[in-house]
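Data first, discussion second: the structure below is written as structure tokens.
By convention here, the first residue in the shown sequence is residue 1.
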Amino acid sequence: MQSDFSWMVPIEMMLGSLSHGEIQACSISNIPDELREENEDAYKPKHISIGPLHRGATRHLQLMEEPKRHYMLEFLERQGTEPEQNRNPEIRLRECGFDILKLDRLICSSYGGSNNMIVDEIEFHEIAQIMIVDGCFLLELLIRLGGYMENQSITSYKSDRILKTEEKVLSVLNDIAMLENQIPFIVLKKLYRKVFPDGSEIKDDHRVANVVRKAFGYPMTSSSGGAHILHLMHLSTVEQNQQHEGKKARLELLCCATKLRASGVTIRAKLNSSNQNQHKLVDMFDFGISFSDSGELEIPPLHVKETTEWKKGVIVNELKKSSDDLLLLFRTISNGAEHMDMSYSEICERLNVYDYKGMKVNKVLQKLHIQTWHQCRYIFEIVVYYARNWYNILICDQIPTVWKFIRIMEAVILLVLTIMQTYYSSRSG
């Protein structure tokens with residue numbers, strides 16, 4: 001009897017991706033529930049769906065399929081650097097389809113977790129169509145975004161369906177940077193090489209990676225990319241010497257900013273940060289945090305923009321968000337993280353022990369009033385919190401009407417007068 005080994009296909013996909021080098025198995029996975037439960041809508045694309053996971057999920061995403069096809073056609077019609085590279089779009093489209101079909105198992109292995117079930121339910125010819133349409137659309141969009149960022153103006157994009165307003169651009173940037181809204185980076189490289197052929201090996205071709213970097217305002221390098229666009233953005237944000245993937249931080253910071261100041265640490269915004277000259281739509285943070293032996297902690301400014309969900313100029317509140325909104329942001333920003341990155345373990349260790357290193361008398365006296373104020377303010381906040389709760393309970397449950405409130409106040413005044421009368425009567429007797 002002939003055995004059916006179709007159940008082995010997912011395992012073969014995973015093994016094939018391990019030896020490929022351009023693919024990371026399960027790199028496009030679902031957002032963890034710990035993150036999603038805070039705000040589920042924040043992890044769903046609102047304007048553009050990329051890949052099979054959110055395709056056609058809402059009517060607005062369905063309506064954007066037509067602009068995507070227009071972008072795809074314009075990408076396939078782009079002129080190469082050499083005359084012999086310029087073939088008509090139909091020929092290029094067939095060549096793209098032929099190459100993408102050969103990546104079937106590698107593409108499917110990129111989608112991990114419950115996404116495998118979604119991909120398995122779709123014929124790969126349909127998956128290939130999604131890869132071609134969305135891949136060509138992304139490449140055309142990224143090329144246009146690069147020019148958009150350079151021009152610093154939207155006047156030449158008024159007729160563009162996506163780049164006509166900054167609000168639209170911002171929404172699209174948010175969508176294509178979502179984890180569940182990705183396609184494998186090798187798909188983009190394959191499609192790009194059909195329009196702009198290159199004699200180099202695909203693993204050494206960094207042209208698409210630099211198209212992405214230019215569109216998002218990152219510096220150009222010779223690195224060939226990552227598993228997908230979001231992964232490349234991470235690699236472009238964190239310097240190579242700061243990446244310690246898979247390693248757990250030895251230490252975490254034990255003190256808040258106020259206690260650090262009380263210990264003599266001076267916190268200031270880092271000057272000459274690269275963020276100062278970036279496009280206002282670019283949301284990039286310089287991770288170059290440093291702590292000197294003299295007790296100066298320099299932190300690059302974090303610009304709170306529409307894409308991000310203030311301490312000595314370190315936090316630049318461009319949207320004028322309230323203190324409560326910023327507090328909520330930093331309380332929830334690390335939810336779902338399995339462990340802290342160890343890039344700043346050394347700085348955390350030095351900050352944790354700085355208080356115990358031969359502090360001068362003036363620093364000891366200086367920190368005394370800061371710590372006292374910090375503790376008093378903390379106690380005051382607790383008292384105010386419980387007082388407000390008790391007041392709300394009293395008003396809502398015990399005093400539903402004005403007349404009942406007046407009667408209670410009369411009773412309280414009468415009780416106070418009775419106690420005072422009893423006190424003075426006992427003293428006079």
Side-chain angles (χ1 to χ4, degrees), residues 28-33 35-77 89 93 96-97 100 107-108 110-145 148 154 157-184 187-188 191 212 215-216 228-230 233 281 283 305-309 319:
I28 307 173
S29 58
N30 296 102
I31 298 294
D33 292 337
L35 288 174
R36 190 184 297 275
E37 64 186 9
E38 294 289 341
N39 185 2
E40 186 172 357
D41 291 336
Y43 302 99
K44 296 178 180 178
K46 297 177 177 59
H47 294 274
I48 296 291
S49 67
I50 303 296
L53 303 185
H54 292 281
R55 185 177 178 84
T58 65
R59 176 170 174 77
H60 191 76
L61 294 180
Q62 293 174 3
L63 292 175
M64 288 303 294
E65 289 299 311
E66 183 179 356
K68 285 166 62 174
R69 289 191 286 269
H70 282 289
Y71 267 58
M72 176 187 70
L73 179 60
E74 293 188 28
F75 174 72
L76 294 174
E77 290 176 341
L93 181 60
C96 290
I100 297 301
I107 291 173
C108 291
S110 298
Y111 294 91
S114 59
N115 295 336
N116 276 333
M117 299 176 60
I118 299 174
V119 173
D120 289 342
E121 293 174 356
I122 306 175
E123 291 287 336
F124 187 75
H125 284 84
E126 186 176 350
I127 295 290
Q129 292 176 19
I130 296 173
M131 295 294 116
I132 294 172
V133 174
D134 290 357
C136 291
F137 159 74
L138 268 179
L139 289 169
E140 179 66 21
L141 174 65
L142 292 167
I143 293 172
R144 295 189 188 188
L145 275 173
Y148 182 94
I154 63 172
Y157 298 93
K158 287 184 178 180
S159 60
D160 194 293
R161 179 74 180 270
I162 294 177
L163 305 182
K164 57 183 178 181
T165 65
E166 287 188 353
E167 182 182 4
K168 189 76 170 182
V169 174
L170 190 60
S171 300
V172 171
L173 287 174
N174 286 341
D175 284 348
I176 64 179
M178 291 182 176
L179 177 58
E180 295 180 359
N181 218 27
Q182 302 293 320
I183 59 176
V187 171
L188 299 179
L191 297 175
V212 177
F216 283 92
H228 43 73
I229 288 180
L230 182 59
M233 292 171 65
L281 293 179
D283 194 9
K305 302 183 178 182
E306 193 69 33
T307 51
T308 45
E309 269 265 21
L319 292 182

For D175 and K46, run salt bridge (charged side-chain N to carboxylate O under 4.0 Å, His left out): C-alpha distance rounded to whole Å, both residues' side-chain angles, the deciding distance at 0.1 Å, then the answer. CA-CA 7 Å; D175 284 348; K46 297 177 177 59; 5.8 Å; no
Would I100 and L191 satisfy side chain to side chain contact (heavy atoms under 4.5 Å, CB included), going step by step from the backbone distance to the final call? CA-CA 8 Å; I100 297 301; L191 297 175; 4.2 Å; yes
Using the side chain to side chain contact (heavy atoms under 4.5 Å, CB included) rule, take L170 and E166 through it: C-alpha gap first, then chi angles, then the decisive distance, then the call. CA-CA 6 Å; L170 190 60; E166 287 188 353; over 6 Å; no
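Considering only heavy atoms from C-beta on, I183 stays 4.5 Å or farther from I107 through its side chain. Taking the side chain as every heavy atom from C-beta outward, M131 and P184 approach each other to under 4.5 Å. Between P89 and F75 the shortest side-chain heavy-atom distance does not fall below 4.5 Å. A 4.5 Å side-chain heavy-atom check between I162 and M64 finds at least one atom pair inside the cut-off. You'll find the side chain of I143 stays beyond 4.5 Å of the side chain of Y71, heavy atoms only.
Looking at every heavy atom in both residues, Q182 comes nearest to I176 through NE2-O, 3.0 Å. For the residue pair C136 and L76, the shortest heavy atom distance occurs at SG-CD2, 4.1 Å. Closest approach of P67 and R161 over heavy atoms only: CG-NH1, 3.1 Å.
The line from CG of L139 to CE of M72 is 12.0 Å long, rounded to the nearest 0.5 Å. A distance of 11.0 Å separates CD in Q129 from CG in D134, rounded to the nearest 0.5 Å. Residue D41 holds its CG atom at 10.0 Å from CZ of R36, rounded to the nearest 0.5 Å. With rounding to the nearest 0.5 angstrom, the CD atom of E140 is 12.5 Å from the NE2 atom of H70. To the nearest 0.5 Å, atom CD1 of residue I28 and atom CD1 of residue I229 are 10.0 Å apart.
With sequence neighbours excluded, no residue forms a side chain to side chain donor-acceptor pair (under 3.5 Å) with E40.
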Atom pairs and distances, donor-acceptor, side-chain atoms in residues 47-55, under 3.5 Å, two or more places apart:
unit_1: H47; atom_1: ND1; unit_2: H60; atom_2: NE2; d: 3.2
unit_1: H47; atom_1: ND1; unit_2: K168; atom_2: NZ; d: 3.4
unit_1: H47; atom_1: NE2; unit_2: S171; atom_2: OG; d: 3.4
unit_1: H54; atom_1: NE2; unit_2: E180; atom_2: OE1; d: 2.9
unit_1: R55; atom_1: NH1; unit_2: E65; atom_2: OE1; d: 3.4

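Using modelled atom types and a 3.5 Å distance limit, the side chains of N30 and Y43 yield no donor-acceptor pair.
Checking each of L173, V172, V212 against L145 for a side chain to side chain contact (heavy atoms under 4.5 Å, CB included) leaves exactly one that passes, namely L173.
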